[in-house]
Amino acid sequence: MTPLNRNQMAWRVAHDIPDGSYVNLGVGMPLAVVNFMPDDRDIVFHSENGLLGMRDLKPGEEPDSELVNAGKRPVRMLPGGAFFHHADSFLMIRGGHLDFAVLGAYEVAENGDLANWRLLDSKSAPAVGGAMDLVYGAKKVLVICEHNSKDGSPKIVKEAKLPLTGRECVSKIFTDHAVIERTGDGMVVREMIEGLTFDELQDRTGAKLRLANDWKPLITPDLPVEERPSRKKQVGEI
Amino acid sequence: MTPLNRNQMAWRVAHDIPDGSYVNLGVGMPLAVVNFMPDDRDIVFHSENGLLGMRDLKPGEEPDSELVNAGKRPVRMLPGGAFFHHADSFLMIRGGHLDFAVLGAYEVAENGDLANWRLLDSKSAPAVGGAMDLVYGAKKVLVICEHNSKDGSPKIVKEAKLPLTGRECVSKIFTDHAVIERTGDGMVVREMIEGLTFDELQDRTGAKLRLANDWKPLITPDLPVEERPSRKKQVGEI
Amino acid sequence: MIDKRRQTADEAVADIKDGSTVLIGGFGMTGEPRELCSALAARKVRGLTIVTNNAGSGEFGIGLLMKQGCVDKIVCSFPRVPGSVVFEELYEAGKLELEMVPQGTIAERVRAGAAGVPAFFTRTSWGTPLAEGKEVRTFDGKEYVMERAIRGDVALVKAYKGDRWGNLVYAKSMRNFNPVMAMGADLTIAQVSEIVELGELDPEHVITPGIFVNRVVQLEALNA
Amino acid sequence: MIDKRRQTADEAVADIKDGSTVLIGGFGMTGEPRELCSALAARKVRGLTIVTNNAGSGEFGIGLLMKQGCVDKIVCSFPRVPGSVVFEELYEAGKLELEMVPQGTIAERVRAGAAGVPAFFTRTSWGTPLAEGKEVRTFDGKEYVMERAIRGDVALVKAYKGDRWGNLVYAKSMRNFNPVMAMGADLTIAQVSEIVELGELDPEHVITPGIFVNRVVQLEALNA
């Protein structure tokens, strides 16, 4: 059993987003999703700092300090893109105009509660950004996160203990182990990585899961994660 | 004693507006104010349909059906003008960004209440337009109206009987007889036309007036009103 | 591929249902999406509530929608303009419900609906008959009226140029209510004078980003 | 004649008073009106409340304002970014009050202040610690939090080009919070890369109409 790496998780999320969608990617792991969109889909990426139709720079492309995404990293614009100010940008988010938000998580509860902005033991200042806007604004909230924390504790829990970002807002969770959908009838496992049994998955999960009758193996291409020069992790990168 | 004509009233209002002001002109008589602005003043006219920096067409200038003012009449733009949509236009009005609104009136009460959108005996539909936005939004509301209705009844009254546009909102009234300012201490006559006594003016007025110590004669140039082909008066032209 | 282009006004409005709330851009005849209104009128839909600034001139566009009996209720600020004969006849005959709303309050209520704001407070209309029955609340010593958001099932708008992603730009004062209405509905249909290639509209100059627009149809040329 | 041009950043900020609420545009370093902030910091004003998205990087711009002890309180959504050392030091020492506000709620509260809306309802932050102490109200079966408008005494913004009437255009993502903050204060001061002749900015492309802007000062060239 080999859990997915970050790129494979991003790839899996990318392949869940249908052609023609308007999508916001949260800072951190979600930002990688843009790199794995299937070529045959027109997806319009929204960045809360006022961009629609952005993409990551191509290798070797010159960065422009005036053209950055919500993670403050340089991007480029596709033909058909548009710039707008923050009030209009959050009108889009809060008014239900985005099809998907992809967010990281510290905890997702069985009822869909999400906590992803503040740890309890943190002595330093909190930082919420646009997460609380996105959780209620986007039509569907997709979460991308490791199935378990480094200490092995589950991120999908019975009840969230951390300060919430939003209540009952998560639609689907993409982890390195599984794809799990929140339904009217609880958390349903749609896909699991090969070599993992449902009981093993349940053991690693705080919330009660149910295996879909038509569940599938969670298979992605090999997508090695490049070593990047280490840098101080930004708050909000989950 | 010769009351001012409409052009002279508009001229007098125009000369009350200082250089650098942002001004909205209501539909009807107020629209004439734009024609009499002193040349040495930069005044930016706002039109609620989304224009800043408009002027009336010059004689012979070709009208453009896509470039009209709030009265739906063709205008031109000055260098430095801008277009914007209705929500932004009324943000400007309601957020206190305009220095002056010039409005017509059916009645102005002693306490500054204004009625200018609906007659009581009207069988047809009311029409409010942007008047209720302007009365509370502009820093100062200037009223331009005849001193008396055709039947001789005063337009400046003790208490308004018609449905209000706004309460305690009028700053100054420019009639064909006088310039009257609303102060913390009641209605004060600043200017009167020559040949009219204060008692005569008070007789033609429903509200209690007080003559300013430093009152002046109300003098304007000769500004004959051109005969225009008569047309059905628009609702809201007061 | 995202392609929001439609061939005709008829095709663009084909699935609008009876009883819909329809936001309509324009200010008088300037920027009125006349052909979309006419195509909708031709379908003889029934029971519409329309939200717009004026109540149409003549028997085309908004006037035709009313003439054809499509409209039960109109929400507007200034129904009567020269030529608003259809409105006047229906209104005086009691066949059309009118909700009179100050012009800025229409704009702000529609923007609120677009922005996920269910209600807001405004000074406009305080102390007047148009505030009757509305909640009044005092903030910092001044009274304000609570207004509810308006959300459309459909918006019909007119723009100058558009592209297949639904990005729109306007020409001069035709902008007026169009970008506001375009944001405010579940299904936004734009008629434009010209559909241009994707990328021809400068991203700095797009006024209505395509995220708000579902269908774009090219009609007459501007000023034709 | 309307001439909002000022010669230097120092001149532009010379009369900003102690205790002012200052709205500051920008998103991280992009679009941050750094020179205006630095000029204000050099005056060693005291007791400012600043409203902005991030809490500065390094010891310039917003960071310098804090470093110089000008700021008592910061209202922002995401204080910590790489290099926000001044903020972190002051915050952890209890020398800086922080009001944490969701990013969209900052934008909407400032816009409300600009639009004469004293309060509005939003779903954002409902059920979270950031809604504690705020009024919650149900509309159509869903709970919303009431948020109050923010109004600035001063706004400091950065734009690409401006003219003597105060019209502004931006370049790409430097737009961000700048047009919002520009609308939201009694005194709005813009630093631009280039002041152009009146009429050079196309009225279709103006993003911040001059009505919102009181002073314009030309500083460094873009990307210089």
Side-chain angles (χ1 to χ4, degrees), chain C residues 31 102-126 135-151 159-161 167-176 178-180 183 201-209 222, chain D residues 31 102-126 135-151 159-161 167-176 178-180 183 201-209 222:
Chain C
Q103 200 173 148
T105 299
I106 297 178
E108 195 69 17
R109 288 176 66 188
V110 173
R111 184 200 174 272
V117 169
F120 62 90
F121 293 91
T122 178
R123 182 86 169 147
T124 297
S125 94
W126 173 69
E135 180 174 330
V136 171
R137 184 155 166 174
T138 300
F139 293 97
D140 302 327
K142 279 175 82 174
E143 304 86 348
Y144 296 84
V145 178
M146 190 175 85
E147 295 283 356
R148 295 296 308 273
I150 294 174
R151 182 81 193 155
Y160 173 33
K161 293 182 181 178
N167 293 302
L168 303 176
V169 299
Y170 302 85
K172 291 165 266 189
S173 68
M174 73 184 285
R175 192 181 301 190
N176 59 61
N178 282 303
V180 184
M183 300 189 294
L201 300 179
D202 186 332
E204 299 282 4
H205 302 156
V206 167
I207 300 300
T208 297
L222 192 71
Chain D
Q103 198 171 150
T105 299
I106 297 179
E108 194 70 17
R109 287 176 67 189
V110 173
R111 185 200 173 271
V117 169
F120 61 90
F121 293 91
T122 177
R123 182 85 167 147
T124 296
S125 93
W126 172 68
E135 180 174 329
V136 171
R137 184 157 165 172
T138 300
F139 294 96
D140 302 327
K142 277 173 83 174
E143 303 86 348
Y144 296 84
V145 178
M146 190 174 85
E147 294 284 356
R148 296 296 308 273
I150 294 174
R151 181 82 192 153
Y160 173 32
K161 293 181 183 179
N167 294 301
L168 303 176
V169 299
Y170 302 86
K172 292 165 265 189
S173 68
M174 72 184 285
R175 190 181 302 189
N176 59 60
N178 282 302
V180 183
M183 299 189 295
L201 300 178
D202 186 331
E204 300 282 5
H205 302 157
V206 168
I207 300 301
T208 296
L222 192 71

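Residue numbers start from 1 in every chain, and the chains themselves are labelled A, B, ... in the order their sequence lines are given, proteins ahead of strands.
Of the listed residues C/Met146, C/Arg123, C/Glu147, the one with more heavy-atom pairs under 4.5 angstrom with chain D than any other is C/Met146.
Annotation for D/Pro118 and C/Phe121: closest pair CD-O, 3.2 Å, computed over non-hydrogen atoms.
Ion pairing between C/Lys161 and D/Glu204 fails under the 4.0 Å rule for side-chain N and carboxylate O.
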